[in-house]
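One is the number of the first residue; the rest follow in order along the sequence. All values reported here derive from a predicted model rather than from experimental measurement.
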Amino acid sequence: MRRRCSGSPHSASRFWLLDEGTAEGRTVLRRAALDGSGVVDLSPQTGPDALNAYDVTVSEDAVTVGTYLPDTEIRNESVPKLYQFAAGGSPEGPGTRKGRVSCNRGEQSSAAAVAGSQVVWLDATTGVTDVVTGQGIVRPVTGLGSQ
């Protein structure tokens, strides 16, 4: 069983990734109150929308997870991507799963939540790793690194 926890200093919730062993290569994203009550799955471990998440970062409004697809070759679909969820969302609620943080091809990894739905991450879409930032689901990202 693999776990990684994160919480916002301003949040009354904790978020974590858990591999319960029910789906090969997939991870559940969970939220609970600080006292352990009210456990909900924001992203299921099974089903068509299940993700293989390995990293989580949280702000007051959004939870961003780093994901990848295990594969025998490196291709766009198998390199890390970032997905965002509403921190206070419900499992079946519309808008809980906001979608990919960047629509760019290539690797997006090492996300850090800033405030609201803003995220900073490393983006290797251009073949050179840049530090980029986005507010929620963005198109296009703004490069801050090697210009």
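A 4.5 Å side-chain heavy-atom check between T46 and R26 finds every atom pair outside the cut-off. Two residues are said to be in side-chain contact when any heavy atoms from C-beta on lie closer than 4.5 Å; V132 and V120 fail this criterion. The closest side-chain heavy-atom distance from S117 to Q84 is below 4.5 Å. Using a 4.5 Å cut-off on side-chain heavy atoms (C-beta onward), T133 and Q118 make contact. Side-chain contact between L82 and W121: present, with at least one pair of heavy atoms (C-beta onward) separated by less than 4.5 Å. In this structure, the side chains of V114 and S59 stay at 4.5 Å or more apart for every pair of heavy atoms. You'll find the side chain of L69 stays beyond 4.5 Å of the side chain of D71, heavy atoms only. Proximity of T27 to Q45: side-chain heavy atoms (C-beta onward) are nowhere separated by under 4.5 Å.
V79 and V119 fall into different hydrophobic clusters, where Ile, Leu, Val, Met, Phe, Trp and Tyr side chains are chained together by heavy-atom contacts under 4.5 Å.
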Notebook entry, point to check: Hey, mind stepping through F85 and V65 against side-chain contact (heavy atoms from CB on, under 4.5 Å) and telling me if it holds?
Noted result: CA-CA 8 Å; F85 297 82; V65 295; 3.8 Å; yes
Next item on the list: Dump the intermediate steps for side-chain contact (heavy atoms from CB on, under 4.5 Å) on D130 and L122, then the final yes or no.
Entry: CA-CA 6 Å; D130 289 313; L122 298 178; over 6 Å; no
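Exactly one of L51, L17, D55 qualifies for a side-chain contact (heavy atoms from CB on, under 4.5 Å) with T67. That residue is L51.
T57 places a side-chain N or O within 3.5 Å of a backbone atom of A113 that can act as its donor or acceptor partner. Side chain of S78 to backbone of E73: a donor-acceptor contact under 3.5 angstrom is found. With hydrogens and angles ignored, the 3.5 Å screen pairs no side-chain donor or acceptor of D41 with any backbone N or O of S43.
The minimum heavy-atom distance linking P91 with V40 is given by the pair CG-CB, 4.1 Å. When all heavy atoms of L42 and A87 are compared, the pair lying nearest together is CD1-O, 4.3 Å. Considering all non-hydrogen atoms of both residues, P80 and S109 come closest at CB-CB, 4.1 Å. Summarising the geometry of V39 relative to A32, their closest heavy-atom pair is CG2-CB, 3.7 Å, with the distance given to 0.1 Å.
Ion pairing of R30 with E20 is present here, as a side-chain N (NZ or NE/NH1/NH2) and a carboxylate O approach within less than 4.0 Å.
Atom CD of E77 has more than 12 heavy atoms from other residues, nucleotides or ligands within 6.0 Å.
Rounding to the nearest 0.5 Å gives a distance of 4.0 Å between CD of Q108 and OG of S102. Taken from OH in Y83 to NZ in K98, the straight-line distance is 15.5 Å, to the nearest 0.5 Å. Atom CD of E107 is separated from atom OG1 of T125 by 9.0 Å, given to the nearest 0.5 angstrom. Atom CG of D123 is separated from atom OG of S110 by 11.0 Å, given to the nearest 0.5 angstrom.
Side-chain N/O atoms of N104 and K81 include no donor and acceptor closer than 3.5 Å.
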